[in-house]
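Not measured: the values here are computed from a predicted model. These numbers come from the heavy atoms of this one structure, side chains and all, not from hydrogens, waters or symmetry mates.
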Protein chains: 2
Amino acid sequence: MTPAIAPDIAVVRSHSAKRHSILDAAAGVFCREGFAGANIDLIAAEAGVSRQTVYNHHGDKENLLVAVVREITERINAGVFETLATFPDKPVNLEAELVDFAVRLNQNCLCNRDGKFLRKLLQTEGERYPELFSGWREHGPAKTWAALAARFARLAHAGWLDLDDPDVAARQFLALVNADLQMAMIFGDSVSEEQLRAAAANAVRCFLRAYGKARPHGT
Amino acid sequence: MTPAIAPDIAVVRSHSAKRHSILDAAAGVFCREGFAGANIDLIAAEAGVSRQTVYNHHGDKENLLVAVVREITERINAGVFETLATFPDKPVNLEAELVDFAVRLNQNCLCNRDGKFLRKLLQTEGERYPELFSGWREHGPAKTWAALAARFARLAHAGWLDLDDPDVAARQFLALVNADLQMAMIFGDSVSEEQLRAAAANAVRCFLRAYGKARPHGT
DNA sequence: GACGATTTGGACAAGCCTGTCTAAAAATAT
DNA sequence: ATATTTTTAGACAGGCTTGTCCAAATCGTC
């Protein structure tokens with residue numbers, strides 16, 4: 001009754017490839033047009049798939065949105081986790097390494113395609129379907145801030161920083177990193193590698209002027 | 001041929017009251033539902049007006065959106081200008097006065113009903129109708145930043161601040177002021193007066209740690 | 001009270017979109 | 001090669017929305 005293993009995964013692969021393609025196209029269209037304005041024919045066309053196939057895979061327009069949001073938040077969370085692991089815990093040149101870290105953060109999480117999509121979907125559909133994002137809301141930014149705050153606290157303990165409140169400092173770091181990019185992002189402009197580095201450099205310079213110490217006490 | 005003055009302004013008053021009511025309702029609906037999802041019947045109902053009257057006043061759905069955006073950007077610009085005039089040019093207690101200024105900025109411009117609407121409309125329709133916001137884009141944030149930067153530069157000249165680049169400092173000031181409110185705003189939560197003051201206090205403390213001088217040289 | 005303009009409610013056509021159905025086509029595994 | 005499953009293209013009903021038209025009603029002024 002159950003088929004052999006090989007055919008199953010072969011079917012699943014094609015199946016999953018189409019599924020992924022649909023999710024990708026849907027993310028783009030939902031993001032551009034909003035949920036109400038999104039046209040399933042257009043999604044199907046952009047996915048290179050017939051409309052019926054979209055319905056076969058996800059059943060409903062609303063269901064499709066749910067799947068898209070789940071996919072994106074999962075990828076975002078993975079990206080944040082991965083990038084957070086590259087935080088300079090044992091810096092040699094703190095300023096340079098924080099700048100690199102900030103650039104990675106922007107490239108992998110905030111200025112990302114996924115980051116842009118999540119931000120936009122959140123803004124357009126967040127109030128209408130609050131339960132859609134409630135999972136991310138609980139496990140997303142709060143955890144990121146806490147993790148970043150812990151890193152900064154460790155840096156402070158090692159004598160690199162002078163912090164009153166690591167949580168506040170973490171939020172301020174993220175805010176500063178985005179300071180020069182907000183307008184570009186809100187207008188949907190693309191940001192060059194150059195702009196990204198300059199923004200990160202400005203942010204880190206300000207951050208270290210506020211919270212940096214001249215030398216770690218260990219040296 | 002031309003009627004007397006009184007009837008004219010009386011007619012215009014009722015006319016303009018309805019017009020304003022429609023614009024107000026339309027702003028709310030466009031913002032909640034997006035352009036595609038906005039229902040003109042709903043706008044009319046929320047404005048307390050018949051659908052036909054909406055068409056009489058603004059002709060077209062797209063036209064209505066244009067009118068809404070124009071109205072909001074004009075009000076926002078006025079609010080920014082007004083608030084900017086309350087910048088502490090001759091401070092006694094710089095930290096306290098900057099905190100007050102930041103609170104005003106948030107209340108009158110950023111966390112405002114208008115501010116929220118503009119942000120959301122910009123995000124949802126900005127890429128589809130770029131020319132809609134091009135006017136604000138040119139004359140809005142850039143001018144605000146420049147004006148704020150000039151104030152900071154004057155403060156630096158008076159010995160209160162130590163700035164490399166006033167423009168960067170102005171952007172960072174605004175970014176810091178929003179640091180603690182971003183999540184609340186993105187989720188559409190309302191922010192209490194308390195949160196607003198706390199956020200402003202955190203922002204100003206960080207800003208002054210980075211750029212403040214102990215005393216102005218004039219004293 | 002009469003007059004002119006505005007507003008109203010409802011009817012209406014036209015278009016678009018969702019979601020379903022069906023039969024043909026394509027792809028895959030055996 | 002055949003059988004099974006997936007995919008496709010198209011038609012289709014149903015619903016909703018925009019924008020227009022029109023006759024009745026309302027409002028403010030003379």
Sort and list the pairs that fulfil ring pair (Phe, Tyr, Trp, His ring centres under 6.0 Å) and have at least one residue in residues 16-73 of chain B, not counting sequence neighbours. B/His15-B/His57, B/Phe30-B/Phe35, B/Phe35-B/Tyr129

Phosphate contact (C/dT6 OP1 or OP2) by B/His57 side-chain N/O below 4.0 Å: no

Can you tell me which nucleotide in D/dT7, D/dG19, D/dG10 comes closest to the side chain of A/Arg51? D/dG10

The bend of the helix from C/dG1-D/dC30 to C/dT30-D/dA1, taken between the axes of its five terminal pairs at each end and rounded to 10°, is 30°

Identify, with sequence neighbours excluded, every residue that meets salt bridge (charged side-chain N to carboxylate O under 4.0 Å, His left out) alongside A/Arg137. B/Asp189

When you compare the side chains of A/Thr86 and A/Arg104, does any donor N or O come within less than 3.5 Å of an acceptor on the partner? yes

Tell me what B/Ala36 touches on the nucleic acid: a base, only sugar-phosphate, or nothing, going by heavy atoms under 4.0 Å. nothing

I want to check one thing: is the phosphate of D/dT18, taken as OP1 and OP2, less than 4.0 Å away from some side-chain N or O of B/Asn39? yes

B/Gln52 or B/Tyr55: which one's nearest nucleotide on DNA chain D is closer to the 5' end? B/Tyr55

N/O (side chain, B/Thr53) to phosphate O (OP1/OP2, C/dT8) under 4.0 Å: yes

I need the full list of ring pair (Phe, Tyr, Trp, His ring centres under 6.0 Å) pairs touching residues 100-125 of chain B, with sequence neighbours left out, sorted by first then second residue. B/Phe87-B/Phe101

For a quick check of understanding: with a heavy-atom distance under 4.0 Å over all strands, which category does B/His58 fall into, base, sugar-phosphate or nothing? nothing

Out of D/dT18, C/dT18, C/dG9, which nucleotide sits closest to the side chain of A/Ile40? C/dT18

So A/Ala44, base contact, sugar-phosphate only, or nothing? Heavy-atom distance under 4.0 Å. nothing

Between CG of B/Leu64 and P of D/dT17 the distance, given in whole Å, is 16 Å

Pairs flagged by salt bridge (Lys or Arg N to Asp or Glu O under 4.0 Å) wherever residues 59-69 of chain A is involved - sequence neighbours left out: none

Considering only residues two or more places apart or on different chains, which pairs with a residue in residues 26-38 of chain A satisfy salt bridge (Lys or Arg N to Asp or Glu O under 4.0 Å)? A/Arg32-A/Glu46, A/Glu33-B/Arg128

